[in-house]
2 protein chains.
Amino acid sequence: MSGMSENAVRKVRDQIEDALVSGEFAPNGRLDEVQLATRFGVSRTPVREALMQLSAIGMIELRPRRGAIVVAHGPAQIYEMFEVMAELEGLAGAHAARRLTDEDRNSISKAHDRCRAAAEAADLDGYYYENEAFHVAIYAATHSGFLAEQCGALHRRLRPFRRLQLRVPNRLKASFEEHDRVTTAIFSGDAEAAKARLRAHVIVQGDRFGDLVAAYEQARLRQAV
Amino acid sequence: MSGMSENAVRKVRDQIEDALVSGEFAPNGRLDEVQLATRFGVSRTPVREALMQLSAIGMIELRPRRGAIVVAHGPAQIYEMFEVMAELEGLAGAHAARRLTDEDRNSISKAHDRCRAAAEAADLDGYYYENEAFHVAIYAATHSGFLAEQCGALHRRLRPFRRLQLRVPNRLKASFEEHDRVTTAIFSGDAEAAKARLRAHVIVQGDRFGDLVAAYEQARLRQAV
DNA sequence: AATCCTCATCTTGTATACAAGAAGTCTGAT
DNA sequence: ATCAGACTTCTTGTATACAAGATGAGGATT
(Lines give C-alpha, C1' and ligand atoms only; values in the text may rest on other atoms or scores of the structure.)
Protein backbone atom coordinates (compact mmCIF):
# COMPACT_ATOMS: atom_id res chain seq x y z
CA MET A 1 0.00 0.00 0.00
CA SER A 2 1.99 2.96 -1.25
CA GLY A 3 1.25 6.68 -1.51
CA MET A 4 -1.71 6.07 0.72
CA SER A 5 -3.44 9.39 1.16
CA GLU A 6 -1.00 12.25 0.82
CA ASN A 7 1.71 12.38 3.43
CA ALA A 8 2.40 9.49 5.70
CA VAL A 9 5.55 11.07 7.04
CA ARG A 10 3.67 14.06 8.42
CA LYS A 11 1.21 11.82 10.16
CA VAL A 12 3.99 9.75 11.66
CA ARG A 13 5.87 12.86 12.74
CA ASP A 14 2.82 14.33 14.47
CA GLN A 15 2.08 11.08 16.23
CA ILE A 16 5.63 10.70 17.46
CA GLU A 17 5.58 14.33 18.56
CA ASP A 18 2.38 13.75 20.50
CA ALA A 19 3.89 10.73 22.17
CA LEU A 20 6.91 12.81 23.10
CA VAL A 21 4.82 15.66 24.46
CA SER A 22 2.53 13.39 26.40
CA GLY A 23 5.58 11.76 27.89
CA GLU A 24 4.88 8.29 26.55
CA PHE A 25 8.37 8.27 25.13
CA ALA A 26 10.44 9.05 28.17
CA PRO A 27 13.60 11.20 28.02
CA ASN A 28 16.80 9.29 27.21
CA GLY A 29 14.69 6.45 25.85
CA ARG A 30 15.60 4.92 22.55
CA LEU A 31 13.25 5.08 19.59
CA ASP A 32 13.36 1.95 17.50
CA GLU A 33 12.65 2.46 13.81
CA VAL A 34 11.00 -0.87 13.05
CA GLN A 35 8.99 -0.65 16.25
CA LEU A 36 7.63 2.75 15.26
CA ALA A 37 7.05 1.54 11.71
CA THR A 38 4.94 -1.40 12.77
CA ARG A 39 3.11 0.72 15.32
CA PHE A 40 2.05 3.29 12.74
CA GLY A 41 1.56 0.76 9.99
CA VAL A 42 4.14 2.18 7.61
CA SER A 43 7.60 1.18 6.44
CA ARG A 44 10.85 2.38 7.92
CA THR A 45 11.34 5.04 5.28
CA PRO A 46 8.71 7.56 6.44
CA VAL A 47 9.64 6.83 10.04
CA ARG A 48 13.24 7.73 9.34
CA GLU A 49 12.16 10.93 7.62
CA ALA A 50 9.95 11.85 10.56
CA LEU A 51 12.78 11.17 12.99
CA MET A 52 15.10 13.41 11.04
CA GLN A 53 12.56 16.21 11.07
CA LEU A 54 12.13 15.84 14.81
CA SER A 55 15.89 15.86 15.15
CA ALA A 56 16.04 19.12 13.19
CA ILE A 57 13.50 20.62 15.58
CA GLY A 58 15.60 19.39 18.47
CA MET A 59 13.07 17.10 20.08
CA ILE A 60 15.22 14.03 19.62
CA GLU A 61 18.89 13.38 19.07
CA LEU A 62 20.08 11.32 16.12
CA ARG A 63 23.43 9.74 16.82
CA PRO A 64 25.08 8.14 13.81
CA ARG A 65 24.75 4.37 13.79
CA ARG A 66 23.39 4.58 17.29
CA GLY A 67 19.76 5.39 16.69
CA ALA A 68 17.46 8.08 18.01
CA ILE A 69 17.08 9.00 21.66
CA VAL A 70 14.65 11.39 23.31
CA VAL A 71 16.55 14.43 24.53
CA ALA A 72 16.29 15.17 28.21
CA HIS A 73 15.80 18.84 29.03
CA GLY A 74 16.96 19.81 32.48
CA PRO A 75 15.80 22.96 34.25
CA ALA A 76 18.77 24.91 32.90
CA GLN A 77 17.98 23.93 29.32
CA ILE A 78 14.34 24.85 29.75
CA TYR A 79 15.30 28.23 31.13
CA GLU A 80 17.66 28.84 28.23
CA MET A 81 14.93 28.06 25.74
CA PHE A 82 12.44 30.44 27.28
CA GLU A 83 15.16 33.06 27.50
CA VAL A 84 15.74 32.94 23.75
CA MET A 85 12.02 32.84 23.11
CA ALA A 86 11.57 35.95 25.25
CA GLU A 87 14.14 37.81 23.21
CA LEU A 88 12.48 36.93 19.93
CA GLU A 89 9.02 37.63 21.24
CA GLY A 90 10.21 41.00 22.46
CA LEU A 91 11.46 41.85 18.99
CA ALA A 92 8.18 40.63 17.54
CA GLY A 93 6.23 42.82 19.96
CA ALA A 94 8.26 45.88 19.07
CA HIS A 95 7.68 45.32 15.37
CA ALA A 96 4.01 44.64 15.88
CA ALA A 97 3.61 47.88 17.81
CA ARG A 98 5.24 49.87 15.05
CA ARG A 99 3.67 48.13 12.05
CA LEU A 100 0.20 47.31 13.31
CA THR A 101 -2.52 47.40 10.67
CA ASP A 102 -6.25 47.42 11.29
CA GLU A 103 -6.43 43.75 10.44
CA ASP A 104 -3.63 42.96 12.86
CA ARG A 105 -5.38 44.90 15.59
CA ASN A 106 -8.56 43.03 14.86
CA SER A 107 -7.06 39.56 14.91
CA ILE A 108 -5.04 40.23 18.08
CA SER A 109 -8.10 41.70 19.74
CA LYS A 110 -10.23 38.71 18.79
CA ALA A 111 -7.62 36.25 20.06
CA HIS A 112 -7.29 38.25 23.25
CA ASP A 113 -11.04 38.12 23.82
CA ARG A 114 -11.07 34.38 23.35
CA CYS A 115 -8.26 34.11 25.89
CA ARG A 116 -10.35 36.17 28.29
CA ALA A 117 -13.31 33.84 27.88
CA ALA A 118 -11.16 30.77 28.45
CA ALA A 119 -9.48 32.36 31.46
CA GLU A 120 -12.80 33.32 33.06
CA ALA A 121 -14.11 29.83 32.46
CA ALA A 122 -10.88 28.46 33.93
CA ASP A 123 -10.70 26.30 30.80
CA LEU A 124 -7.10 25.13 30.82
CA ASP A 125 -7.03 23.38 27.48
CA GLY A 126 -9.04 26.15 25.88
CA TYR A 127 -6.68 28.81 27.17
CA TYR A 128 -3.71 26.75 26.05
CA TYR A 129 -5.07 26.76 22.52
CA GLU A 130 -6.22 30.39 22.43
CA ASN A 131 -2.94 31.51 23.94
CA GLU A 132 -1.16 30.04 20.96
CA ALA A 133 -3.48 31.88 18.60
CA PHE A 134 -2.81 35.13 20.47
CA HIS A 135 0.93 34.81 20.08
CA VAL A 136 0.68 33.75 16.47
CA ALA A 137 -1.46 36.82 15.78
CA ILE A 138 1.36 38.96 17.15
CA TYR A 139 3.88 37.14 14.98
CA ALA A 140 1.77 37.91 11.94
CA ALA A 141 1.56 41.56 12.97
CA THR A 142 5.35 41.88 12.73
CA HIS A 143 5.03 41.74 8.94
CA SER A 144 8.37 39.99 8.97
CA GLY A 145 7.95 36.59 7.47
CA PHE A 146 11.27 35.34 8.76
CA LEU A 147 10.74 36.56 12.31
CA ALA A 148 7.27 35.04 12.32
CA GLU A 149 8.70 31.77 11.09
CA GLN A 150 11.44 31.68 13.74
CA CYS A 151 9.02 32.59 16.50
CA GLY A 152 6.59 29.96 15.32
CA ALA A 153 9.27 27.28 15.28
CA LEU A 154 10.48 28.09 18.78
CA HIS A 155 6.94 28.42 20.05
CA ARG A 156 6.22 24.96 18.79
CA ARG A 157 9.35 23.56 20.35
CA LEU A 158 8.42 24.99 23.73
CA ARG A 159 4.87 23.74 23.50
CA PRO A 160 5.23 20.84 25.95
CA PHE A 161 6.75 23.06 28.63
CA ARG A 162 4.17 25.78 28.18
CA ARG A 163 1.51 23.22 28.74
CA LEU A 164 3.18 22.40 32.05
CA GLN A 165 3.39 26.05 33.04
CA LEU A 166 -0.37 26.51 32.87
CA ARG A 167 -0.84 23.83 35.48
CA VAL A 168 0.71 26.10 38.09
CA PRO A 169 -2.06 27.53 40.29
CA ASN A 170 -3.18 31.00 39.27
CA ARG A 171 -0.81 31.03 36.34
CA LEU A 172 -3.72 31.15 33.91
CA LYS A 173 -5.17 34.35 35.34
CA ALA A 174 -1.76 35.94 35.63
CA SER A 175 -1.01 35.02 32.03
CA PHE A 176 -4.16 36.69 30.81
CA GLU A 177 -3.41 39.86 32.74
CA GLU A 178 0.01 39.94 31.12
CA HIS A 179 -1.67 39.52 27.74
CA ASP A 180 -3.77 42.52 28.55
CA ARG A 181 -0.74 44.69 29.23
CA VAL A 182 0.94 43.38 26.07
CA THR A 183 -2.12 44.18 23.99
CA THR A 184 -2.37 47.68 25.43
CA ALA A 185 1.26 48.38 24.67
CA ILE A 186 1.05 47.11 21.10
CA PHE A 187 -2.21 48.93 20.37
CA SER A 188 -0.78 52.19 21.69
CA GLY A 189 2.15 51.83 19.31
CA ASP A 190 4.70 51.85 22.11
CA ALA A 191 7.39 49.56 20.74
CA GLU A 192 9.63 49.65 23.80
CA ALA A 193 6.77 48.88 26.16
CA ALA A 194 5.53 46.08 23.92
CA LYS A 195 8.99 44.56 23.89
CA ALA A 196 9.33 44.75 27.67
CA ARG A 197 5.83 43.40 28.31
CA LEU A 198 6.30 40.47 26.01
CA ARG A 199 9.72 39.64 27.36
CA ALA A 200 8.33 39.66 30.88
CA HIS A 201 5.40 37.54 29.79
CA VAL A 202 7.50 34.87 28.13
CA ILE A 203 10.56 34.61 30.32
CA VAL A 204 10.45 32.23 33.22
CA GLN A 205 12.08 33.99 36.12
CA GLY A 206 12.14 33.86 39.89
CA ASP A 207 9.18 32.05 41.35
CA ARG A 208 7.84 31.06 37.97
CA PHE A 209 11.02 29.18 37.22
CA GLY A 210 10.78 27.21 40.41
CA ASP A 211 7.12 26.51 39.72
CA LEU A 212 7.89 25.24 36.25
CA VAL A 213 10.71 23.00 37.41
CA ALA A 214 8.46 21.58 40.09
CA ALA A 215 5.69 20.89 37.57
CA TYR A 216 8.21 19.33 35.24
CA GLU A 217 9.63 17.03 37.86
CA GLN A 218 6.16 16.04 38.90
CA ALA A 219 5.23 15.17 35.34
CA ARG A 220 8.39 13.11 34.98
CA LEU A 221 7.74 11.24 38.19
CA ARG A 222 4.16 10.58 37.16
CA GLN A 223 5.53 9.18 33.95
CA ALA A 224 8.16 7.04 35.60
CA VAL A 225 5.37 4.85 36.99
CA MET B 1 28.29 -0.18 -2.42
CA SER B 2 26.46 0.42 0.82
CA GLY B 3 27.43 2.07 4.08
CA MET B 4 30.45 3.42 2.27
CA SER B 5 32.49 5.34 4.80
CA GLU B 6 30.28 6.87 7.42
CA ASN B 7 27.81 9.43 6.24
CA ALA B 8 26.98 9.88 2.59
CA VAL B 9 24.03 12.10 3.34
CA ARG B 10 26.19 14.70 5.06
CA LYS B 11 28.54 14.79 2.14
CA VAL B 12 25.68 15.20 -0.29
CA ARG B 13 24.10 17.90 1.85
CA ASP B 14 27.32 19.88 2.04
CA GLN B 15 27.86 19.60 -1.68
CA ILE B 16 24.34 20.75 -2.48
CA GLU B 17 24.76 23.57 0.01
CA ASP B 18 27.97 24.63 -1.66
CA ALA B 19 26.27 24.60 -5.03
CA LEU B 20 23.49 26.74 -3.60
CA VAL B 21 25.90 29.19 -2.01
CA SER B 22 28.05 29.46 -5.09
CA GLY B 23 24.93 30.15 -7.06
CA GLU B 24 25.26 27.17 -9.36
CA PHE B 25 21.71 26.23 -8.41
CA ALA B 26 19.84 29.41 -9.23
CA PRO B 27 16.88 30.64 -7.15
CA ASN B 28 13.51 29.23 -8.21
CA GLY B 29 15.29 26.44 -10.03
CA ARG B 30 14.13 22.90 -9.57
CA LEU B 31 16.36 20.27 -8.00
CA ASP B 32 15.91 16.86 -9.55
CA GLU B 33 16.53 13.96 -7.22
CA VAL B 34 17.83 11.44 -9.73
CA GLN B 35 19.99 14.10 -11.33
CA LEU B 36 21.60 14.91 -7.99
CA ALA B 37 21.92 11.23 -7.17
CA THR B 38 23.81 10.42 -10.35
CA ARG B 39 25.93 13.54 -9.96
CA PHE B 40 27.08 12.60 -6.47
CA GLY B 41 27.25 8.90 -7.19
CA VAL B 42 24.70 7.82 -4.61
CA SER B 43 21.13 6.61 -4.65
CA ARG B 44 18.05 8.76 -4.26
CA THR B 45 17.68 7.96 -0.58
CA PRO B 46 20.56 10.04 0.83
CA VAL B 47 19.71 12.78 -1.66
CA ARG B 48 16.18 12.95 -0.34
CA GLU B 49 17.45 13.08 3.21
CA ALA B 50 19.85 15.87 2.34
CA LEU B 51 17.08 17.80 0.62
CA MET B 52 14.88 17.50 3.66
CA GLN B 53 17.64 18.77 5.89
CA LEU B 54 18.19 21.73 3.61
CA SER B 55 14.47 22.34 3.62
CA ALA B 56 14.50 22.37 7.42
CA ILE B 57 17.25 24.97 7.34
CA GLY B 58 15.19 26.98 4.90
CA MET B 59 17.57 26.94 1.98
CA ILE B 60 15.15 25.13 -0.31
CA GLU B 61 11.43 24.62 -0.40
CA LEU B 62 9.97 21.13 -0.55
CA ARG B 63 6.54 21.17 -2.10
CA PRO B 64 4.62 17.90 -1.81
CA ARG B 65 4.66 15.89 -5.00
CA ARG B 66 6.19 18.86 -6.74
CA GLY B 67 9.84 18.49 -5.88
CA ALA B 68 12.38 20.86 -4.41
CA ILE B 69 12.97 24.42 -5.55
CA VAL B 70 15.65 26.87 -4.48
CA VAL B 71 14.07 29.62 -2.43
CA ALA B 72 14.55 33.16 -3.67
CA HIS B 73 15.39 35.66 -0.96
CA GLY B 74 14.53 39.25 -1.80
CA PRO B 75 16.22 42.22 -0.09
CA ALA B 76 13.42 42.44 2.44
CA GLN B 77 13.82 38.80 3.44
CA ILE B 78 17.57 39.18 3.76
CA TYR B 79 17.14 42.21 5.96
CA GLU B 80 14.67 40.37 8.16
CA MET B 81 17.09 37.50 8.62
CA PHE B 82 19.98 39.71 9.66
CA GLU B 83 17.64 41.58 11.98
CA VAL B 84 16.76 38.42 13.86
CA MET B 85 20.40 37.34 13.84
CA ALA B 86 21.38 40.70 15.33
CA GLU B 87 18.94 40.26 18.17
CA LEU B 88 20.21 36.80 19.02
CA GLU B 89 23.86 37.81 18.69
CA GLY B 90 23.19 40.73 21.00
CA LEU B 91 21.81 38.38 23.60
CA ALA B 92 24.78 36.09 23.09
CA GLY B 93 27.18 39.00 23.55
CA ALA B 94 25.52 40.08 26.78
CA HIS B 95 25.74 36.58 28.18
CA ALA B 96 29.32 36.16 27.06
CA ALA B 97 30.27 39.42 28.79
CA ARG B 98 28.73 38.28 32.05
CA ARG B 99 29.83 34.65 32.02
CA LEU B 100 33.24 34.84 30.42
CA THR B 101 35.75 32.30 31.67
CA ASP B 102 39.47 32.33 31.09
CA GLU B 103 39.11 29.70 28.39
CA ASP B 104 36.42 31.74 26.67
CA ARG B 105 38.61 34.81 26.76
CA ASN B 106 41.44 32.82 25.33
CA SER B 107 39.52 31.29 22.46
CA ILE B 108 37.86 34.59 21.53
CA SER B 109 41.19 36.34 21.69
CA LYS B 110 42.84 33.74 19.50
CA ALA B 111 40.03 33.90 16.93
CA HIS B 112 40.20 37.67 16.99
CA ASP B 113 43.94 37.58 16.31
CA ARG B 114 43.45 35.29 13.36
CA CYS B 115 40.83 37.66 12.01
CA ARG B 116 43.33 40.48 12.35
CA ALA B 117 45.93 38.55 10.40
CA ALA B 118 43.45 37.76 7.63
CA ALA B 119 42.23 41.37 7.53
CA GLU B 120 45.76 42.76 7.30
CA ALA B 121 46.55 40.29 4.53
CA ALA B 122 43.29 41.26 2.82
CA ASP B 123 42.59 37.54 2.64
CA LEU B 124 38.89 37.43 1.89
CA ASP B 125 38.34 33.70 2.15
CA GLY B 126 40.57 33.48 5.20
CA TYR B 127 38.67 36.26 6.94
CA TYR B 128 35.39 34.65 6.00
CA TYR B 129 36.47 31.48 7.76
CA GLU B 130 38.05 33.09 10.80
CA ASN B 131 35.08 35.38 11.20
CA GLU B 132 32.91 32.33 11.65
CA ALA B 133 35.27 30.96 14.27
CA PHE B 134 35.17 34.31 16.10
CA HIS B 135 31.40 34.31 16.30
CA VAL B 136 31.23 30.67 17.27
CA ALA B 137 33.68 31.38 20.08
CA ILE B 138 31.29 34.00 21.39
CA TYR B 139 28.38 31.57 21.16
CA ALA B 140 30.36 29.10 23.25
CA ALA B 141 31.10 31.81 25.80
CA THR B 142 27.39 32.27 26.47
CA HIS B 143 27.41 28.93 28.30
CA SER B 144 23.88 28.53 27.05
CA GLY B 145 23.76 25.45 24.90
CA PHE B 146 20.41 26.35 23.41
CA LEU B 147 21.35 29.92 22.56
CA ALA B 148 24.58 28.71 21.01
CA GLU B 149 22.66 26.17 18.96
CA GLN B 150 20.15 28.71 17.73
CA CYS B 151 22.84 31.23 16.87
CA GLY B 152 24.83 28.57 15.06
CA ALA B 153 21.84 27.51 13.00
CA LEU B 154 21.00 31.06 11.97
CA HIS B 155 24.63 31.84 11.34
CA ARG B 156 24.84 28.92 9.01
CA ARG B 157 21.67 29.92 7.22
CA LEU B 158 23.00 33.41 6.60
CA ARG B 159 26.35 32.13 5.41
CA PRO B 160 25.82 32.77 1.71
CA PHE B 161 24.79 36.37 2.28
CA ARG B 162 27.64 37.05 4.66
CA ARG B 163 30.00 35.86 2.00
CA LEU B 164 28.49 38.46 -0.32
CA GLN B 165 28.82 41.20 2.26
CA LEU B 166 32.56 40.78 2.49
CA ARG B 167 32.89 41.58 -1.19
CA VAL B 168 31.83 45.14 -0.53
CA PRO B 169 34.93 47.40 -0.66
CA ASN B 170 36.41 48.13 2.76
CA ARG B 171 33.85 45.95 4.48
CA LEU B 172 36.56 43.58 5.64
CA LYS B 173 38.52 46.23 7.49
CA ALA B 174 35.36 47.75 8.95
CA SER B 175 34.23 44.31 10.09
CA PHE B 176 37.48 43.71 11.92
CA GLU B 177 37.29 47.06 13.67
CA GLU B 178 33.79 46.17 14.82
CA HIS B 179 35.14 42.87 16.11
CA ASP B 180 37.68 44.82 18.09
CA ARG B 181 35.00 46.90 19.79
CA VAL B 182 32.94 43.77 20.44
CA THR B 183 35.91 42.02 22.00
CA THR B 184 36.73 44.99 24.21
CA ALA B 185 33.16 45.19 25.45
CA ILE B 186 32.95 41.48 26.23
CA PHE B 187 36.36 41.36 27.92
CA SER B 188 35.45 44.33 30.10
CA GLY B 189 32.34 42.50 31.23
CA ASP B 190 30.04 45.25 29.99
CA ALA B 191 26.97 43.25 28.95
CA GLU B 192 25.00 46.19 27.59
CA ALA B 193 27.90 47.43 25.50
CA ALA B 194 28.59 43.94 24.20
CA LYS B 195 24.98 43.58 23.17
CA ALA B 196 24.95 46.94 21.40
CA ARG B 197 28.28 46.33 19.65
CA LEU B 198 27.27 42.93 18.40
CA ARG B 199 23.87 44.11 17.24
CA ALA B 200 25.50 46.92 15.32
CA HIS B 201 28.05 44.54 13.87
CA VAL B 202 25.51 42.05 12.60
CA ILE B 203 22.61 44.17 11.48
CA VAL B 204 22.61 45.41 7.94
CA GLN B 205 21.46 48.98 8.01
CA GLY B 206 21.66 52.11 5.94
CA ASP B 207 24.48 52.05 3.44
CA ARG B 208 25.42 48.49 4.28
CA PHE B 209 21.98 47.31 3.31
CA GLY B 210 22.21 48.99 -0.05
CA ASP B 211 25.68 47.57 -0.55
CA LEU B 212 24.50 44.08 0.22
CA VAL B 213 21.51 44.30 -2.08
CA ALA B 214 23.75 45.55 -4.85
CA ALA B 215 26.22 42.72 -4.31
CA TYR B 216 23.35 40.26 -4.24
CA GLU B 217 21.84 41.51 -7.48
CA GLN B 218 25.23 41.45 -9.12
CA ALA B 219 25.76 37.85 -8.09
CA ARG B 220 22.36 36.92 -9.43
CA LEU B 221 23.00 38.64 -12.73
CA ARG B 222 26.38 36.99 -13.07
CA GLN B 223 24.65 33.71 -12.51
CA ALA B 224 21.87 34.36 -14.99
CA VAL B 225 24.41 34.12 -17.81
C1' DA C 1 -9.79 26.87 -34.32
C1' DA C 2 -10.04 26.46 -29.54
C1' DT C 3 -10.91 23.93 -25.53
C1' DC C 4 -11.47 19.99 -22.84
C1' DC C 5 -10.62 15.37 -21.85
C1' DT C 6 -7.74 11.43 -21.86
C1' DC C 7 -3.57 9.00 -21.87
C1' DA C 8 1.32 8.49 -21.48
C1' DT C 9 5.35 9.67 -19.09
C1' DC C 10 7.91 11.56 -15.51
C1' DT C 11 8.78 12.29 -10.71
C1' DT C 12 7.92 11.85 -6.10
C1' DG C 13 6.59 8.97 -2.12
C1' DT C 14 6.77 4.39 0.07
C1' DA C 15 8.20 -0.35 0.68
C1' DT C 16 11.53 -3.83 0.77
C1' DA C 17 16.00 -5.84 0.19
C1' DC C 18 20.79 -5.77 1.30
C1' DA C 19 25.20 -4.42 3.50
C1' DA C 20 27.97 -2.76 7.18
C1' DG C 21 28.77 -1.15 11.86
C1' DA C 22 27.72 -1.74 16.82
C1' DA C 23 26.51 -4.17 20.92
C1' DG C 24 25.92 -8.02 23.56
C1' DT C 25 27.16 -12.77 24.48
C1' DC C 26 29.67 -16.82 24.80
C1' DT C 27 33.83 -19.24 25.09
C1' DG C 28 38.57 -19.86 26.05
C1' DA C 29 42.72 -18.71 28.32
C1' DT C 30 45.26 -16.97 32.16
C1' DA D 1 36.86 -16.76 38.51
C1' DT D 2 37.65 -13.01 35.65
C1' DC D 3 38.91 -10.76 31.59
C1' DA D 4 39.63 -10.54 26.77
C1' DG D 5 38.58 -11.65 22.15
C1' DA D 6 35.75 -13.29 18.56
C1' DC D 7 31.26 -14.28 16.90
C1' DT D 8 26.42 -13.67 16.44
C1' DT D 9 22.67 -10.84 16.19
C1' DC D 10 20.44 -6.57 15.93
C1' DT D 11 20.00 -2.04 14.02
C1' DT D 12 21.08 1.55 11.11
C1' DG D 13 22.39 3.30 6.48
C1' DT D 14 21.91 2.77 1.48
C1' DA D 15 20.09 0.94 -2.79
C1' DT D 16 16.49 -0.51 -5.64
C1' DA D 17 11.86 -1.72 -6.84
C1' DC D 18 7.16 -0.36 -7.06
C1' DA D 19 2.98 2.60 -6.86
C1' DA D 20 0.47 6.81 -7.25
C1' DG D 21 0.01 11.69 -8.19
C1' DA D 22 1.25 15.40 -11.49
C1' DT D 23 2.35 17.33 -15.83
C1' DG D 24 2.22 17.74 -20.55
C1' DA D 25 0.89 16.40 -25.16
C1' DG D 26 -2.26 14.90 -28.42
C1' DG D 27 -6.65 13.92 -30.17
C1' DA D 28 -11.53 14.51 -30.34
C1' DT D 29 -15.45 17.35 -29.95
C1' DT D 30 -17.99 21.66 -30.07
Side-chain angles (χ1 to χ4, degrees), chain A residues 1-20 24-72, chain B residues 1-20 24-72 153 156:
Chain A
M1 203 197 303
S2 172
M4 198 174 61
S5 67
E6 185 185 349
N7 44 358
V9 51
R10 180 176 300 257
K11 217 162 59 179
V12 170
R13 174 169 59 72
D14 288 349
Q15 286 186 273
I16 296 178
E17 195 176 322
D18 283 347
L20 286 170
E24 183 182 353
F25 297 157
N28 287 36
R30 265 192 69 222
L31 296 177
D32 188 81
E33 293 182 359
V34 296
Q35 209 169 311
L36 293 169
T38 54
R39 166 171 174 162
F40 298 126
V42 297
S43 84
R44 271 181 55 220
T45 308
V47 170
R48 282 179 60 81
E49 298 191 355
L51 287 178
M52 282 189 303
Q53 287 189 25
L54 290 171
S55 162
I57 300 175
M59 297 192 75
I60 65 175
E61 197 177 337
L62 229 53
R63 296 167 307 174
R65 292 270 179 202
R66 299 287 306 272
I69 59 168
V70 183
V71 297
Chain B
M1 204 197 307
S2 173
M4 197 174 60
S5 66
E6 185 185 348
N7 45 0
V9 50
R10 180 175 302 258
K11 217 161 61 180
V12 170
R13 172 169 59 71
D14 288 349
Q15 284 186 276
I16 296 178
E17 195 176 321
D18 283 346
L20 287 170
E24 181 182 352
F25 297 155
N28 288 34
R30 265 191 69 220
L31 296 177
D32 189 81
E33 293 182 359
V34 296
Q35 209 169 309
L36 293 169
T38 54
R39 165 171 176 165
F40 298 125
V42 296
S43 84
R44 270 181 56 221
T45 308
V47 170
R48 281 178 61 80
E49 298 192 355
L51 288 178
M52 282 190 301
Q53 286 189 25
L54 291 171
S55 163
I57 302 174
M59 298 193 73
I60 65 174
E61 197 177 340
L62 228 53
R63 296 168 306 175
R65 292 270 179 203
R66 300 285 306 273
I69 59 168
V70 183
V71 296
R156 178 170 182 176

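Just so it is clear: chains get the letters A, B, ... in the order the sequence lines come, proteins before strands, and each one is counted from 1. Every value quoted in this text rests on a predicted model; they were computed, and no experiment measured them.
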Can you pull every protein N or O that's under 3.5 Å from an N or O on nucleotides 22-25 of chain C?
from: C:dA23; atom 1: OP1; to: A:Arg66; atom 2: NE; distance (Å): 2.6
from: C:dA23; atom 1: OP1; to: A:Arg66; atom 2: NH1; distance (Å): 3.0
from: C:dA23; atom 1: OP1; to: A:Arg66; atom 2: NH2; distance (Å): 3.2

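B:Ile69 has its CD1 atom 13 Å from the P atom of D:dT23, to the nearest Å. Distance CZ (A:Arg63) to C1' (D:dT11): 13 Å, rounded to an integer number of Å. Atom CG in B:Leu36 sits roughly 16 Å away from atom P in D:dT14 (whole-Å rounding). Rounded to an integer number of Å, the gap from B:Asp32 CG to D:dT23 P is 15 Å. Rounded to an integer number of Å, the gap from A:Glu33 CD to C:dC18 P is 19 Å. Here C:dC10 presents its C1' atom at 13 Å from CD of B:Gln35, a figure rounded to the nearest Å.
Across residues 37-52 of chain A, A:Val42, A:Ser43, A:Arg44, A:Thr45, A:Pro46 each have a non-hydrogen atom less than 4.0 Å from an atom of DNA chain C (numbered order).
Using a distance-only test at 3.5 Å, with no hydrogens or angles considered, a donor-acceptor pair links the side chain of B:Thr38 to the main chain of B:Val34.
Between A:Ile69 and A:Arg30, the closest heavy-atom pair is CG2-CG, 3.7 Å. Between A:Val42 and A:Ala8, the shortest heavy-atom distance links the atoms CG1-CB, 4.4 Å.
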Next item on the list: Take B:Val9 and B:Gln53 through the side-chain contact (heavy atoms from CB on, under 4.5 Å) test and state the conclusion after the steps.
Entry: CA-CA 10 Å; B:Val9 50; B:Gln53 286 189 25; 4.1 Å; yes

Should B:Leu36 and B:Leu51 be marked as a side-chain contact (heavy atoms from CB on, under 4.5 Å) after you check the CA-CA gap, both sets of side-chain angles, and the distance that decides it?
CA-CA 10 Å; B:Leu36 293 169; B:Leu51 288 178; 4.2 Å; yes

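Within 6.0 Å of CZ in B:Arg156 there are more than 12 heavy atoms belonging to other residues, nucleotides or ligands.
To the nearest 0.5 Å, atoms CZ (B:Arg13) and CD1 (B:Ile57) are separated by 6.0 Å. Distance check: B:Leu31 CG to B:Leu20 CG gives 6.5 Å after rounding to the nearest 0.5 Å.
Within the nucleic acid shown, A:Arg30 comes within 4.0 Å of sugar-phosphate atoms alone, with no base atom in reach, counting heavy atoms only.
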